Amino acid sequence: MSLRAAEVGDLDAIMGIETAIFANDAWNSKTMKSELKSRANRYVVLTEDDRIVGYGGARIVGCESDIQTIAITEDHRGRGEGRKLMEALMQAARAEGALQMFLEVRADNPVAVALYESLGFEKIDVRHGYYQPDGVDAIVMMKEPL
């Protein structure tokens with residue numbers, strides 16, 4: 001397994017994971033391409049034998065950063081790969097001067113919530129019905145200091 005910066009050329013592989021994992025609320029290809037191209041964002045991909053098996057991105061503006069998205073293929077879950085992606089994104093944010101990081105996570109994803117808590121994130125709010133069309137609440141979490 002290795003981590004590297006994501007490139008626009010990774011779009012198809014990223015979208016394959018995006019649509020498989022987030023079936024009801026996946027970003028569209030245009031949005032993801034814009035995310036990958038944004039100067040304010042840092043995206044990383046996790047590869048195994050040149051195959052992208054995970055990705056994640058953070059927006060970093062001044063002293064704040066926000067996890068935009070993160071996903072791991074089903075066959076690579078439970079191996080600490082999500083932690084690797086999060087640690088890479090936190091490191092990138094710190095390197096650019098961010099002091100805190102925010103994220104939203106589906107309330108019906110206790111595995112992800114536990115991962116974020118183990119990394120020092122705290123629950124600070126709930127956005128009711130945030131994830132559409134499912135109407136699932138988002139738990140807003142923050143880590144400070146980053």
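Model, not experiment: these values are computed from the prediction. Positions are given from 1, in the same order as the sequence printed here.
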| task | Find the distance between CD (Glu81) and CE (Met86) and round it off to the nearest 0.5 Å. | result | 14.5 Å
| task | State which residues pass side chain to side chain donor-acceptor pair (under 3.5 Å) with Arg42; sequence neighbours excluded, sorted by chain then number. | result | Glu96
| What are the two closest non-hydrogen atoms of Gly129 and Asp137, and how far apart are they? | N-OD1, 2.8 Å
| Taking all atoms of both residues into account, what is the closest heavy-atom pair of Ser65 and Ile60, and its distance? | CB-CG1, 4.1 Å
| said: I want to check something: taking the side chain as every heavy atom from C-beta on, are Met141 and Ile67 in contact at a cut-off of under 4.5 Å? | reply: no
| field | Closest non-hydrogen atom pair, Asn24 against Pro133 | value | O-CD, 3.0 Å
| task | Determine whether Pro145 and Leu99 make a side-chain contact, defined as any pair of heavy atoms from C-beta on separated by less than 4.5 Å. | result | no
| task | For side-chain contact (heavy atoms from CB on, under 4.5 Å), just list the numbers for Asp10 and Arg4, CA-CA rounded to whole Å, side-chain angles, deciding distance to a tenth of an Å, and then say yes or no. | result | CA-CA 11 Å; Asp10 298 325; Arg4 65 168 173 79; 2.9 Å; yes
| query | Is a donor on one side and an acceptor on the other found under 3.5 Å between the side chain of Asp49 and the backbone of Arg51? | reply | no
| Which residues, ordered by chain and number, are linked to Val45 in its hydrophobic cluster, where ILVMFWY side chains connect at heavy-atom gaps below 4.5 Å, directly or through other members? | Val8, Leu11, Ile14, Met15, Ile17, Ile21, Phe22, Trp27, Met32, Leu36, Tyr43, Ile52, Tyr55
| task | Just jot down the side chain to side chain donor-acceptor pair (under 3.5 Å) partners of Arg94, sequence neighbours excluded, or say none. | result | none
Output a table of donor-acceptor pairs, distance under 3.5 Å, between side-chain atoms of residues 115-124 and any protein atom two or more places apart or on a different chain; print 'none' if there are none.
unit_1 : atom_1 : unit_2 : atom_2 : d
Ser118 : OG     : Arg83  : NH2    : 2.5
Ser118 : OG     : Leu115 : O      : 2.6

| said: Is there a side-chain contact between Glu18 and Thr69 in this structure, where contact means two heavy atoms from C-beta onward sitting under 4.5 Å apart? | reply: yes
| task | Kindly compute the distance separating CE (Met101) from CG (Leu89), expressed to the nearest 0.5 Å. | result | 6.0 Å
| field | Approximate separation, where rounding is to 0.5 Å, of Ile139 CD1 and Arg127 CZ | value | 12.5 Å
| query | Looking only at heavy atoms, what is the nearest atom pair of Gly56 and Leu85, with distance? | reply | N-CD2, 4.3 Å
| Other cluster members, Val111 - Ile/Leu/Val/Met/Phe/Trp/Tyr, side-chain contacts below 4.5 Å | none
| query | How many angstroms lie between atom CG of Leu146 and atom CZ of Phe102, to the nearest 0.5 angstrom? | reply | 10.5 Å
| said: Could you check whether atom NZ of Lys84 has more than 12 heavy atoms from other residues, nucleotides or ligands sitting under 6.0 Å from it? | reply: yes
| said: A quick test of your reading: do over 12 heavy atoms of other residues, nucleotides or ligands sit less than 6.0 Å from CD of Gln100? | reply: yes
| field | Hydrophobic cluster identity match, Val140 and Met142, side-chain contacts under 4.5 Å | value | yes
| Flag, side chain of Thr73 to backbone of Gly54, donor-acceptor distance under 3.5 Å | no
| field | Pairs flagged by salt bridge (charged side-chain N to carboxylate O under 4.0 Å, His left out) wherever residues 56-68 is involved - sequence neighbours left out | value | Glu35-Arg59
| Would you call Glu48 and Asp75 a side-chain contact if the rule is heavy atoms closer than 4.5 Å? | no
| request: Check whether Leu103 and Val113 end up in the same hydrophobic cluster, where Ile, Leu, Val, Met, Phe, Trp and Tyr are linked by side-chain heavy atoms less than 4.5 Å apart. | output: yes
| Hphob cluster co-occupancy, Ile70 + Tyr131, side-chain heavy atoms under 4.5 angstrom | no
